[in-house]
Amino acid sequence: MSQQHTPLWEVFVRARRGLAHTHVGSLHAPDAELALRNARDLYTRRQEGVSIWVVPASDITASSPDEKDAFFDPAADKVYRHPTFYEVPEGAAHL
Amino acid sequence: MYGNDFSGEDPPGGLLGEVEAAEAALRAAAERGRAAAEPGADLAAYFAGIVDADQKVEPRDWMPEAYRRTLIRQIAQHAHSEIIGMQPEGNWISRAPSLKRKAILLAKVQDEAGHGLYLYAAAETLGISRDELVDLLLSGRQKYSSIFNYPTLSWADVGAIGWLVDGAAIVNQVPLCRCSYGPYARAMIRVCKEESFHQRQGYEILHTLAHGTPAQKEMAQDSVNRWWYPSLAMFGPPDGDSTHSAQSMAWKIKRFSNDELRQRFVDMCVGQAEVLGLTLPDPDLRWNEERQSYDFTQPDYDELMRVIKGNGPCNRQRMEHRRRAHREGAWVREAAAAYAAKHTEKEKVAA
């Protein structure tokens, strides 16, 4: 009954110092503190992380329902943003 | 993962190697990319294209309704099995023969809970809520693996469950690491990596017992005798009687038939049993040179059906225990929710 109101949290784990937090999964918990503890028990039983973030899933705004669509089109025709677009003249070093 | 290999190194071609390969394939498929469906495109064709190219279907993609329903059913049953599967082994935590074995068994049973939660989370991405899933289990409208309706009568049973039951589960689950549905495939990769510890600890228990006193060896043999056929039945009915197989294969939810996986399991177990010095309880088990596989006696599928229908040795006990645990945990959930609500209120007032 009370589970009806147990929110969903997305879990991000930093595997080692120097790496970014990466999404590893989700879980249910009534509040942030329990979400953190549950995340520790669920996703880092084998020392998979040195830091955990939990975020209420309802607070995440997603770009689009289809993951990929016209939203990203503006970047599609701008190949000149990549260094490989440019021809480097023979003999030009350190470029 | 097999035999007496406890070095942590998996032999080439081992199941852990296959899990790694499935993970690499998942990354490679992601690298290949795929343009988004054009507005007004044929979504069914787009879906079929993803499946054909061995790429992953993700939660927000269009998918056939039957694909969604099949996955919910399969993933939920899998999750329920992990949760109910805690009971037969949990039965021995307080009576494990040493502190070491007790700590290992606790960790294993905790893993089963974790696997259940990974899988529930994967099922939830398909648009069903956790409460609905829990309710489907508690009301008996969804099933769990029939194997957990057998009792654990001796300590050796903890070993036999690890070796045979978890072994069969791994053979079943490794191909699921390549399932076309992304969240399920990713959950299975994680589960399979953890599961190999379960199988090895079981094998080690049996190996220790089989090389102990005659009474210990006898206990190990008795346990293998009882768990062998129910483990073979875990792969489901024979291909001819399997209702969901063909469509699931076409959708790449399933990669091999029940009979193919069962055969693979038998072929793996024979050598492992020899190293244990225990006998698999099948007088007709013998190498078939022509098929390059072992011939073996099929499990009793009538018994399997009886157990699935609710009439196995422990069905009622397992369900009653799960319902009671859920009921008796209600106050904890309510207290946590009340505490969270109180603090949300305070923040609102402060803000």
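Convention: sequence-line order gives letters A, B, ...; per-chain numbering from 1.
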*Between B/Arg101 and B/Glu204, is there a side-chain N and carboxylate O pair less than 4.0 Å apart?*
yes

*Taking 4.0 angstrom as the limit, do B/Glu345 and B/Lys342 come out as a salt bridge?*
no

Under 3.5 Å, sequence neighbours excluded: what are the donor-acceptor pairs made by side chains of residues 87-95 of chain A?
none

_Holding to salt bridge (Lys or Arg N to Asp or Glu O under 4.0 Å), I want the full list of residues that pass it with B/Arg186, two or more places apart in sequence or in another chain._
B/Glu58

*Listed by chain and number, what are the salt bridge (Lys or Arg N to Asp or Glu O under 4.0 Å) partners of B/Lys56, not counting sequence neighbours?*
none

*Determine, using ring centers only, whether B/His321 and B/His326 are less than 6.0 Å apart.*
no

*Listed by residue number, which members of residues 104-112 of chain B have a heavy atom under 4.5 Å from any heavy atom of chain A?*
B/Gln110, B/Asp111

*Contact origin within A/Leu34 toward chain B - heavy atom pairs under 4.5 Å*: side chain

*asked:* Under 4.5 Å from any heavy atom of chain B, what part of A/Val11 do you find: side chain, backbone, both or neither?
replied: neither

*Would you check if there is a donor-acceptor pair between the side chains of B/His80 and B/Tyr120 at a distance under 3.5 Å?*
yes

_Pair B/His198, B/Glu195: side-chain N/O donor-acceptor within cut-off below 3.5 Å_ = yes

*Check each atom of B/Glu194 against the heavy atoms of chain A and say whether the ones under 4.5 Å are side chain, backbone, both or neither.*
both

*Go through B/Ala341, B/Ala122, B/Ala340 and name the one with the most non-hydrogen pairs under 4.5 angstrom from chain A.*
B/Ala340

